[in-house]
Amino acid sequence: MDRRHVLKGGMAGVLTLWASPLLQAGQRADNAVRKLTDTIAVLDGGGSNVVALTSAEGLVLVDTGAPKSGDRLLAALKGLGGNGKVHTVFNTHYHPAQTGNNEAFASAGAKIVAHDRTRQWMSVDHWLPDQDRYEKARPKAAWPTEVFFNTGSQKIGAPKGGTEQIDYGYLMVAHTAGDIYVHFKDSNVLAVGDVASPVIDPELDWITGAWIGGRVSAMDALLKIGNEQTRVVPGSGPVMTWAEFKAERELMETVRQRLFKQIRQGDGPQDMVDGGVLKDLPRTWKDPYKFLYAAARGLWGNHNKLDPDVV
Ligand SMILES: [Zn+2]
């Protein structure tokens with residue numbers, strides 16, 4: 001969620017005179033560049049996170065922000081040096097909040113790397129079940145230019161000598177069909193897209209195949225990639241410590257166990273709300289039904305993977 005939209009929506013026509021300075025304050029905060037190391041920063045991409053690595057060859061980005069955030073993003077990138085020239089973009093998944101400015105970077109010469117399924121979802125019209133409509137395919141100019149299936153790795157020159165190793169890999173059906181992580185190994189910064197969601201409700205894009213079992217498995221895979229010093233950059237919200245990421249994995253595992261129990265009893269999403277699947281947890285959901293509806297759809301599609309001790 002873009003905070004400016006909340007301000008605009010909440011105050012429109014009510015506090016017009018006061019909204020203006022608040023809006024400017026909000027924009028300043030959104031534009032803040034969160035420096036993680038000398039070479040890695042997290043920027044605001046219109047409510048979602050954009051990771052930028054400064055390298056000898058230009059900038060390497062993880063995700064390109066939401067549609068219409070491009071001008072502000074580019075201005076912030078220019079502040080990182082090299083006139084904001086982007087060498088490579090990784091897309092963690094196909095959602096517009098992560099791929100919204102692909103066109104601008106691709107047309108300026110950047111290579112766009114993503115999982116094959118991400119390109120598939122961007123290149124065809126696809127059904128948005130919660131909005132009951134088809135979404136048009138993205139223009140070809142926005143599509144990833146280089147895809148992979150499992151993992152990849154490349155070394156890139158650091159600005160002051162040395163190299164940064166960038167490892168990336170598939171996180172199967174954790175949030176969408178084509179989620180990936182990007183691990184800046186030498187800096188120990190791990191970008192995971194919306195496979196971690198510390199602020200907004202975790203989302204399972206079930207029509208692409210995402211489900212709760214896939215999400216927990218992906219988080220377990222990530223736990224093997226990082227270590228106690230790893231900093232985790234989620235798709236939106238604050239950068240997480242390893243302990244915070246582990247805590248979110250524990251929470252999702254608790255939810256998974258409760259969901260398996262309920263689905264074995266033949267329960268639907270409202271039964272899951274009533275059954276307290278999301279109660280007594282360290283966090284609350286803004287829209288429990290929406291999450292549980294998606295979770296139930298994903299569980300029905302994966303009923304053959306439920307534990308064998310079905311009553
Ligand atoms: Zn997403």
Side-chain angles (χ1 to χ4, degrees), residues 1-3 5 42-51 61-70 73 89-102 112-124 126-131 133 135-138 142-144 147 168-182 190-219 221-222 232-240 245 248-249 252 255 283 285-287 290-295 297-298:
M1 174 59 79
D2 185 333
R3 195 146 43 91
H5 292 160
V42 180
L43 294 89
D44 173 62
S48 55
N49 287 329
V50 173
V51 184
L61 304 187
V62 180
D63 292 326
T64 62
K68 301 190 178 118
S69 68
L73 179 61
V89 168
F90 290 92
N91 284 148
T92 57
H93 59 290
Y94 80 94
H95 283 160
Q98 278 70 36
T99 59
N101 299 299
N102 273 15
I112 303 201
V113 183
H115 192 269
D116 187 62
R117 294 267 174 89
T118 291
R119 183 166 67 181
Q120 285 175 23
W121 278 92
M122 289 174 75
S123 59
V124 294
H126 51 272
W127 183 244
L128 297 181
D130 57 341
Q131 295 176 36
R133 68 175 180 88
E135 174 75 12
K136 282 274 176 217
R138 294 287 294 281
W143 299 357
V147 294
Y168 45 98
Y170 188 23
L171 298 168
M172 196 163 70
V173 291
H175 167 66
T176 67
D179 303 290
I180 64 164
Y181 67 83
V182 180
L190 180 59
V192 302
D194 284 335
V195 175
S197 197
V199 177
I200 57 172
D201 288 353
E203 185 193 345
L204 300 166
D205 190 340
W206 62 270
I207 203 152
T208 69
W211 75 299
I212 188 73
R215 192 172 185 94
V216 174
S217 297
M219 296 182 98
L222 289 167
V232 177
V233 185
S236 63
V239 176
M240 303 166 83
F245 179 71
E248 185 170 324
R249 185 269 171 201
M252 295 313 295
V255 170
R283 71 184 287 171
W285 263 248
K286 288 173 193 76
D287 191 343
K290 187 180 175 200
F291 172 78
L292 291 173
Y293 177 82
R297 294 297 298 242

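Counting starts at 1 for both ligands and their atoms, in listed order.
Counting only N and O atoms by type, the side chains of D205 and H93 include no donor and acceptor under 3.5 Å apart. Side-chain polar atoms of D130 and Y293 form no donor-acceptor pair below 3.5 angstrom.
The atom of H95 that is an N, O or S and sits closest to the Zn ion (ligand 1) is ND1. D194 has its closest N, O or S atom to the Zn ion (ligand 1) at the position named OD2. Sorting the N, O or S atoms of H93 by how far they are from the Zn ion (ligand 1) puts NE2 first.
Considering every non-hydrogen atom in both L204 and I212, the closest pair reads CD1-N, 3.9 Å.
The environment of NZ in K136 is sparse: at most 12 heavy-atom neighbours from other residues, nucleotides or ligands sit within 6.0 Å.
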